[in-house]
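Heads up, the thing below is written out as structure tokens.
Below, each value reflects all heavy atoms present in this structure, side chains not excepted, and no hydrogens, waters or symmetry copies.
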Amino acid sequence: MKLSCALLTTATIPSSGQSWTASRAQALRFYTRNNAYLLFLDDQVGSLEAGKLADFIIVDRDLLNCSLDDFRAARIVKTYLGGREVYSAN
């Protein structure tokens, strides 16, 4: 599922019938820390901390504050794996 889809998906909690939609911060966390945890790799990746691999991307806009249309149009500018640049859009 694309990250922008996670922001538009509403889940209904069966026991209460209440619906819930993830915030942007929650959706980003689901794709980073939570996935690392599910893969038993949270001691190595999932967040930027001393002693962890520096795997991250730089995007062309602030994903937490831009409009949803801008969010969908975001482009990756650079990608780093293990602290080394492996992709640059330029």
Side-chain angles (χ1 to χ4, degrees):
M1 177 187 287
K2 293 173 88 174
L3 187 57
S4 59
C5 291
L7 295 174
L8 298 173
T9 302
T10 300
T12 301
I13 303 165
S15 60
S16 68
Q18 295 179 328
S19 59
W20 174 84
T21 303
S23 69
R24 288 182 189 204
Q26 289 169 325
L28 289 168
R29 205 167 22 257
F30 294 156
Y31 276 82
T32 55
R33 286 186 183 177
N34 290 18
N35 280 335
Y37 177 80
L38 291 171
L39 295 170
F40 302 102
L41 295 172
D42 52 317
D43 61 332
Q44 300 172 43
V45 297
S47 59
L48 293 176
E49 298 178 54
K52 291 188 176 184
L53 297 172
D55 297 348
F56 61 94
I57 61 170
I58 298 173
V59 292
D60 62 354
R61 62 200 76 208
D62 179 355
L63 296 179
L64 294 177
N65 295 306
C66 64
S67 71
L68 189 54
D69 286 336
D70 282 347
F71 189 99
R72 287 186 185 121
R75 297 288 176 249
I76 296 173
V77 176
K78 291 184 186 258
T79 302
Y80 289 83
L81 293 175
R84 302 180 80 157
E85 184 180 307
V86 295
Y87 170 78
S88 178
N90 298 336

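- A distance of 10.0 Å separates CG of L41 from CG of D55, quoted to the nearest 0.5 Å.
- V45 and I57 are assigned to two separate hydrophobic clusters, defined by single-linkage of ILVMFWY side chains at heavy-atom distances under 4.5 Å.
- Closest heavy-atom contact between S47 and K52: OG-NZ, 2.8 Å.
- Q44 CD to D42 CG: the interatomic distance, rounded to the nearest 0.5 Å, is 9.0 Å.
- More than 12 heavy-atom neighbours from other residues, nucleotides or ligands sit within 6.0 angstrom of CZ on R61.
- Side-chain contact check for L81 versus Y87: every heavy-atom pair is 4.5 Å or farther apart.
- In this structure, F71 CZ and D69 CG are separated by 12.0 Å, a value rounded to the nearest 0.5 Å.
- Placement of F30 and L38 in two distinct hydrophobic clusters is found when ILVMFWY residues are connected by side-chain heavy-atom separations under 4.5 Å, directly or transitively.
- The hydrophobic cluster containing I76 does not contain V86, counting ILVMFWY residues as joined when their side-chain heavy atoms lie under 4.5 angstrom apart, directly or transitively.
- The structure places CG of L53 at 12.5 Å from CZ of R84, a figure rounded to the nearest 0.5 Å.
- One finds the CG atom of D70 at 9.0 Å from the CG atom of D60 (value rounded to the nearest 0.5 Å).
- F56 and V59 are not part of a single hydrophobic cluster, where members link through side-chain heavy atoms under 4.5 Å apart.
- The CG atom of N34 sits 10.0 Å away from the CD atom of Q26 when rounded to the nearest 0.5 Å.
- Linking Ile, Leu, Val, Met, Phe, Trp and Tyr residues whenever their side-chain heavy atoms come within less than 4.5 Å places L48 and Y80 in a single cluster.
- Minimum heavy-atom separation, A36 to G46: CB-CA, 3.7 Å.
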